[in-house]
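Read the structure below first, then the notes.
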Amino acid sequence: MPMEPWYCRVCGLDYDESPWGPDGHSPDYTICACCGAEFGYQDYTPDSAREYRAQWLAAGAAWFYPNMKPPNWHLNAQLQQVPAFYR
Ligand SMILES: [Zn+2]
């Protein structure tokens, strides 16, 4: 079975494993390395994801963990990976 990446509902960063657990309903409350959203809180609903995304973008879209930012990072390309339901 090919591994499906999981994409942050706020910023679209890809993860090897979903922080929402195998059942999709058990968030681990870790922090997105890019947008800083707490999984299970700011990404709980489409509205909360949109609200946090707007704040993050307005604040300059800085990486929460800057040392994990890829050198060739492109914000707009990553934002396109946000699941449609949460855009
Ligand atoms: Zn994120």
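Whatever order the structure lists them in is the order used to number ligands and atoms, beginning at 1.
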Any donor-acceptor pair under 3.5 Å linking the side chain of [X] with the backbone of [Y]?
X	Y	value
Ser26	Gly21	no
Gln42	Glu38	yes
Arg87	Gln80	yes
Arg53	Arg9	yes

Return all protein N, O or S atoms below 2.8 Å from the Zn ion (ligand 1), chain by chain in residue order.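 Less than 2.8 Å away from the Zn ion (ligand 1) sit Cys8 SG, Cys11 SG, Cys32 SG, Cys35 SG.
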
Between Phe39, Trp56, Trp63, Tyr65, which is the residue that forms a side chain to side chain contact (heavy atoms under 4.5 Å, CB included) with Cys32? Phe39

Linking I/L/V/M/F/W/Y whenever any side-chain heavy atoms sit under 4.5 Å apart, do Phe64 and Tyr7 land together?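 Cluster IDs for Phe64 and Tyr7 differ.
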
